[in-house]
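What follows is a short report on a single structure.
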Number of protein chains: 2
Amino acid sequence: MEKNSEDFIYHKLKNAIIKGYIKQGTKLVETALAKQMEVSRTPIRGAIRRLTYEGFAIYEANKGACVIKPTLEEIQETFFVRQQLEKTAARLATENISPEQISKLETYCSEEIRTFEDRDLDEYYRINDAIHLLIAHASGNKVMARYIEELLNRTKIYLILYDPFQTMRFNPSIDEHQNLLDALKARDPAAAEKSMDIHLESAYKGMDIQVLPEDYISL
Amino acid sequence: MEKNSEDFIYHKLKNAIIKGYIKQGTKLVETALAKQMEVSRTPIRGAIRRLTYEGFAIYEANKGACVIKPTLEEIQETFFVRQQLEKTAARLATENISPEQISKLETYCSEEIRTFEDRDLDEYYRINDAIHLLIAHASGNKVMARYIEELLNRTKIYLILYDPFQTMRFNPSIDEHQNLLDALKARDPAAAEKSMDIHLESAYKGMDIQVLPEDYISL
DNA sequence: AATTCATAAATTGTATACAATAATGTTTAA
DNA sequence: TTAAACATTATTGTATACAATTTATGAATT
């Protein structure tokens with residue numbers, strides 16, 4: 001449910017970037033988007049600004065915004081930061097996670113298996129995100145959860161930008177999620193931290209990172 | 001050097017919030033600020049939006065923005081996240097810090113002593129920030145450095161909101177910075193991480209956190 | 001043919017007008 | 001007197017007009 005025009009535009013643009021409908025590095029020209037979306041420049045500017053803050057675009061004063069073109073270095077660095085915070089969250093979660101949250105995690109894990117068998121990629125990613133966010137919140141640290149959410153979103157762009165065919169060929173993280181769940185149930189901080197670390201390592205390694213040709217168009 | 005009107009307003013408002021000229025919870029009314037600052041609502045809206053993203057204000061759709069009123073819990077949580085990232089940065093910096101950066105750190109440390117003796121609080125904070133940012137960058141991870149910078153800014157608001165008389169009565173972190181510098185020079189990851197951890201712990205503890213009366217005005 | 005410069009076009013930044021929503025105050029009914 | 005309904009005001013959201021800046025174009029120069 002969109003609050004207003006700007007919010008609507010924001011979601012539309014974000015989706016277009018994530019799905020690859022707008023190519024990396026493309027300039028986001030306000031007037032063109034305004035005409036296309038049949039609104040004025042005002043909500044377009046707001047949406048672009050928001051995308052900029054969230055790392056989907058870069059902005060240069062008096063020049064405008066472009067869709068990000070993440071470098072391999074930037075991707076590695078972002079994954080590393082995410083890994084640091086999620087490891088800590090997993091450790092803290094062993095102390096704070098509630099029985100309700102644990103049972104919710106269990107349902108997520110079984111849903112995840114189903115979505116993988118059905119090759120329902122969108123749904124698979126959605127559940128994967130839900131698992132990570134649940135653990136982030138179970139840490140009890142709301143500020144950290146917010147940062148993890150932001151980092152999760154950014155790494156999601158990378159995943160899709162650099163795995164454009166989304167083959168779902170990788171060995172999914174189902175076993176790893178199960179290990180994590182076991183560690184949380186056992187309330188074993190070291191094991192939880194380790195599981196999360198390994199999991200994010202393999203998520204990163206599973207990405208088929210390669211610099212795409214300049215004129216590559218995913219759709 | 002401000003890029004444009006919005007940027008100017010942003011810095012002005014941020015300073016007013018950090019210095020406590022604008023009280024916690026105060027509504028930021030666009031028209032009023034526009035009249036006061038002698039510009040239109042457009043750059044005001046942009047500046048407010050930016051402050052919102054950076055956590056200096058909260059926003060409610062169709063209702064507008066208010067200056068944050070951080071709770072004790074939120075302050076603790078933010079310090080904790082900062083501590084996690086800065087510990088890691090210090091550890092990584094032992095591998096990547098350059099001789100130039102080390103010598104710069106040394107000059108910062110001596111300047112810091114001078115500013116403390118002169119009771120020049122603004123300058124003292126500026127150098128303290130510079131030290132932390134330098135180490136963040138010396139980690140070699142630019143993404144992490146950006147997050148640390150953001151967290152540094154946020155904890156700075158807390159410092160001033162909750163230590164409004166800015167008496168500089170605390171035992172300054174000069175010794176702790178020296179320890180950190182020594183660990184970096186020795187390229188000892190464990191020692192660097194530990195020094196940073198201790199340092200941020202004492203910075204947090206040094207804050208005289210107390211919920212101020214509702215109608216408190218610092219200036 | 002390449003470079004420089006001036007001009008024109010395109011694009012972003014700001015101001016202002018109007019629309020939509022929220023907050024406030026006033027009247028009316030029970 | 002209180003509460004609901006309405007009208008009024010204030011404030012935010014959007015559209016549009018204009019200003020400032022950047023980019024594109026093309027002629028003049030070497």
Side-chain angles (χ1 to χ4, degrees), chain A residues 1-17 21-70 214-215 217, chain B residues 1-17 21-69 146 214-215 217:
Chain A
M1 190 58 135
E2 284 90 14
K3 293 179 193 55
N4 51 35
S5 178
E6 178 185 314
D7 202 48
F8 174 73
I9 304 285
Y10 160 77
H11 284 290
K12 201 157 175 171
L13 278 177
K14 181 169 148 187
N15 183 62
I17 292 171
Y21 303 153
I22 304 177
K23 192 173 69 164
Q24 296 181 52
T26 304
K27 183 137 194 265
L28 298 171
V29 178
E30 296 171 6
T31 48
L33 291 170
K35 185 172 277 182
Q36 194 179 327
M37 309 232 187
E38 296 179 306
V39 292
S40 80
R41 280 174 54 210
T42 310
I44 300 281
R45 276 177 76 80
I48 288 178
R49 180 187 287 263
R50 196 170 156 194
L51 291 168
T52 302
Y53 272 107
E54 293 174 3
F56 292 88
I58 54 168
Y59 207 90
E60 225 177 326
N62 291 315
K63 294 193 177 179
C66 293
V67 175
I68 46 155
K69 256 173 125 167
E214 270 301 308
D215 58 346
I217 295 168
Chain B
M1 191 57 135
E2 284 90 13
K3 292 179 195 49
N4 50 34
S5 178
E6 178 185 314
D7 203 49
F8 175 73
I9 305 287
Y10 160 76
H11 285 291
K12 200 157 177 171
L13 278 176
K14 181 170 147 186
N15 183 61
I17 293 171
Y21 303 152
I22 304 177
K23 193 173 69 163
Q24 297 179 52
T26 304
K27 184 138 192 267
L28 298 171
V29 178
E30 296 170 7
T31 48
L33 291 169
K35 184 172 277 182
Q36 194 180 326
M37 308 235 188
E38 295 178 308
V39 292
S40 80
R41 278 174 57 210
T42 310
I44 300 281
R45 276 177 77 79
I48 287 177
R49 179 187 288 260
R50 196 170 157 194
L51 292 167
T52 303
Y53 272 108
E54 293 175 3
F56 292 88
I58 54 170
Y59 206 90
E60 225 176 326
N62 291 315
K63 292 192 177 177
C66 293
V67 176
I68 47 154
K69 262 173 121 168
R146 255 213 38 233
E214 270 302 307
D215 58 346
I217 296 169

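Only heavy atoms go into these numbers, but all of them, side chains included; no hydrogens, no water, no symmetry mates. Letters A, B, ... are given to chains in the order of the sequence lines, protein chains preceding strands, and every chain is numbered from 1. The shown structure was predicted, so the numbers you read here are calculated from the model rather than taken from an experiment.
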**Under-4.0 Å salt bridge between B:Arg49 and A:Glu6** = yes
**Item:** Residue met sooner reading DNA chain D from 5', once A:Ser40 and B:Lys63 are mapped to nucleotides
**Value:** B:Lys63
**Asked** Between D:dT11 and B:Tyr59, is there an OP1 or OP2 to side-chain N/O distance shorter than 4.0 Å?
**Response** no
**Message:** Tell me the interatomic distance from A:Asn62, atom CG, to D:dT22, atom P, rounded to whole angstroms.
**Reply:** 5 Å
**Asked** Picking from D:dT12, C:dT11, C:dG13, which would you name as closest to the side chain of B:Lys27?
**Response** D:dT12
**Message:** Can you tell me which nucleotide in D:dG13, D:dT11, C:dG13 comes closest to the side chain of A:Arg45?
**Reply:** C:dG13
**Prompt:** Is B:Thr42 touching bases, backbone alone, or none of the nucleic acid, heavy atoms closer than 4.0 Å?
**Reply:** base
**Request:** Determine the minimum heavy-atom distance between B:Ile48 and B:Glu30, stating which atoms define it.
**Result:** CD1-CG, 4.2 Å
**Item:** OH (A:Tyr53) with more than 12 external heavy atoms under 6.0 Å
**Value:** yes
**Prompt:** Among D:dG13, C:dT14, D:dT14, which nucleotide sits nearest the side chain of A:Glu6?
**Reply:** D:dT14
**Request:** Calculate the interatomic distance between A:Lys3 atom NZ and D:dG13 atom P; express it in whole Å.
**Result:** 11 Å
**Complete:** From the candidates C:dA23, C:dG13, D:dA15, the one with an atom nearest any side-chain atom of A:Arg41 is C:dG13
